[in-house]
> 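Questions regarding the structure given below will be posed in turn.
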Amino acid sequence: MPELPEVETVRAGLAPELVGRSIRALAITDFPGVIGTGTIEETSARIVDRSIADVARRGKFLMIVLDDGDGIVVHLRMTGVLTLDESSAPPPRFLRLSALLDDGRELRFADQRKFGRFVAASSQELSDLDGRLGPEPFGPNFTPDYLLTRLRGRRAPVKALLLDQGIVAGLGNIYVDEALFLARIHPMTSGGSLTPAQVSELHSTIVSVLHSGIARRGVSFSSFRDVYGNSGENQQHLVVYGRGGRGLPCLVCGEPVQRIVIGNRGTSFCPACQPFGQT
DNA sequence: ACACTGCCCTGCGAGC
DNA sequence: TGCTCGCAGGGCAGTG
């Protein structure tokens with residue numbers, strides 16, 4: 001389940017390889033799913049033979065920006081994997097799309113569960129997407145005050161609000177559970193009931209879990225790989241995610257980690273370290 | 001505006 | 001052994 005650190009790992013791997021290159025041809029093996037609503041011809045016409053100017057990331061979206069300002073929006077969703085391979089290399093399982101590059105290599109998009117997308121986008125569409133998303137967690141606009149303002153008056157569980165990409169971009173189920181645990185906040189706590197001190201602590205743990213995730217090249221539970229097929233190692237450092245409902249103890253206090261469902265997401269938390277109703 | 005639900009999709013592991 | 005079923009969940013559409 002790629003979140004900001006995983007997508008950033010992919011971006012950092014792709015950027016030095018792709019900038020200045022161009023895509024010669026597209027081969028789509030999961031049509032229309034992977035490219036959204038457009039036709040193959042349409043999508044190819046917008047992408048092929050344009051020089052790649054930048055590989056950017058916004059939240060969990062990867063944006064391959066072309067020299068005319070248009071681009072490609074890639075979302076890995078749950079199981080998407082982007083790799084850079086020699087064309088002679090055997091295709092990966094679950095291959096959905098491959099883009100032949102002008103140096104003979106292929107940018108390949110594999111996706112077991114077909115949730116991922118690789119979609120041509122105009123500069124206007126790139127800009128619209130940017131506008132729908134909240135600030136980048138590492139950017140200047142994501143401050144404790146900003147987070148406090150966005151949570152104020154909200155009755156939904158703080159966990160659900162942190163998953164809202166319009167509030168802050170890039171968090172997913174793993175890093176939200178980790179950040180709430182480190183801030184000692186129960187995931188069901190309504191956003192508006194958090195004290196400024198709690199929000200400030202939460203802001204700090206969000207930034208910190210994402211930094212650690214990037215430093216360890218992401219979490220590879222099952223499918224996630226970087227562009228060369230290498231696993232990340234952050235799964236070895238998670239303290240609460242995935243431990244709930246299996247009788248596993250909290251790594252801090254030893255109490256069994258619990259599992260509940262919030263917003264249709266499995267949620268792990270420690271009832272002792274993250275007591276409900278404390279402000 | 002906000003809160004919440006269901007849908008998409010398939011491999012895997014648990015249980016019988 | 002072989003089947004069924006629940007689970008993993010990001011983003012978006014739809015409902016109230």
> A/Asp164 has an atom CG; how far is it from atom C1' of B/dA1, in whole Å?
12 Å

> With a 4.0 Å cutoff (strictly under), does any side-chain N or O of A/Gln112 reach OP1 or OP2 of B/dC9?
no

> Nearest-Å distance, CZ (A/Arg58) to P (C/dG11)?
12 Å

> Nearest-Å distance, CD1 (A/Ile174) to P (C/dA8)?
12 Å

> Looking at A/Arg96, I'd like to know whether one of its side-chain N or O atoms comes within less than 4.0 Å of OP1 or OP2 on B/dT10.
no

> What is the separation between atom CD1 on A/Ile167 and atom C1' on B/dC2, rounded to the nearest whole Å?
11 Å

> Which nucleotide wins on minimum distance to the side chain of A/Pro157, given the candidates B/dC12, B/dA3, B/dC4?
B/dC4

> Using the salt bridge (charged side-chain N to carboxylate O under 4.0 Å, His left out) rule, collect all pairs that involve residues 146-155 of chain A, keeping only residues at least two apart or in two chains.
none

> Measuring to OP1 and OP2 of B/dC8, would you say a side-chain N or O of A/Lys114 lies under 4.0 angstrom away?
no

> Measuring to OP1 and OP2 of C/dG11, would you say a side-chain N or O of A/Arg77 lies under 4.0 angstrom away?
no

> Checking all strands, does A/Asp111 fall into the base, sugar-phosphate, or nothing category for heavy-atom contacts under 4.0 angstrom?
nothing

> Taking atom types as modelled and ignoring hydrogens, do the side chains of A/Asp145 and A/Thr143 form a donor-acceptor contact shorter than 3.5 angstrom?
no

> For C/dG10 and A/Arg265 - does any side-chain N or O of the residue sit under 4.0 Å from the phosphate oxygens OP1/OP2?
yes

> In whole angstroms, how far is the P atom of C/dG10 from the CG atom of A/Leu129?
17 Å

> Give A/Arg117 one of three labels, base, sugar-phosphate or nothing, depending on what nucleic acid heavy atoms sit under 4.0 Å from its own.
nothing

> OP1 or OP2 of C/dG10 less than 4.0 angstrom from a side-chain nitrogen or oxygen of A/His75, does that happen here?
no

> Going by salt bridge (charged side-chain N to carboxylate O under 4.0 Å, His left out), name the pairs with one or both residues in residues 123-134 of chain A, residues two or more places apart or in two chains.
A/Arg46-A/Glu125, A/Arg58-A/Asp130

> Output the rounded distance in Å from CG (A/Leu62) to C1' (C/dG11).
16 Å

> Under a 3.5 Å threshold, yes or no: a donor from one side chain and an acceptor from the other, between A/Ser22 and A/Asp49?
no

> May I ask you to verify whether the side chain of A/Arg113 and the base of C/dA8 hold a donor-acceptor pair under 3.5 Å?
yes

> When the distance from CG of A/Asn264 to P of C/dG6 is rounded to whole Å, what number comes out?
15 Å

> In whole Å, what is the span from the CZ atom of A/Phe61 to the P atom of C/dG11?
5 Å

> Do side-chain atoms of A/Glu6 reach the backbone of A/Val219 as a donor and acceptor pair under 3.5 angstrom?
yes

> Closest nucleotide of DNA chain C for A/Arg132 versus for A/Asn173: which of these residues is on the 5' side?
A/Asn173

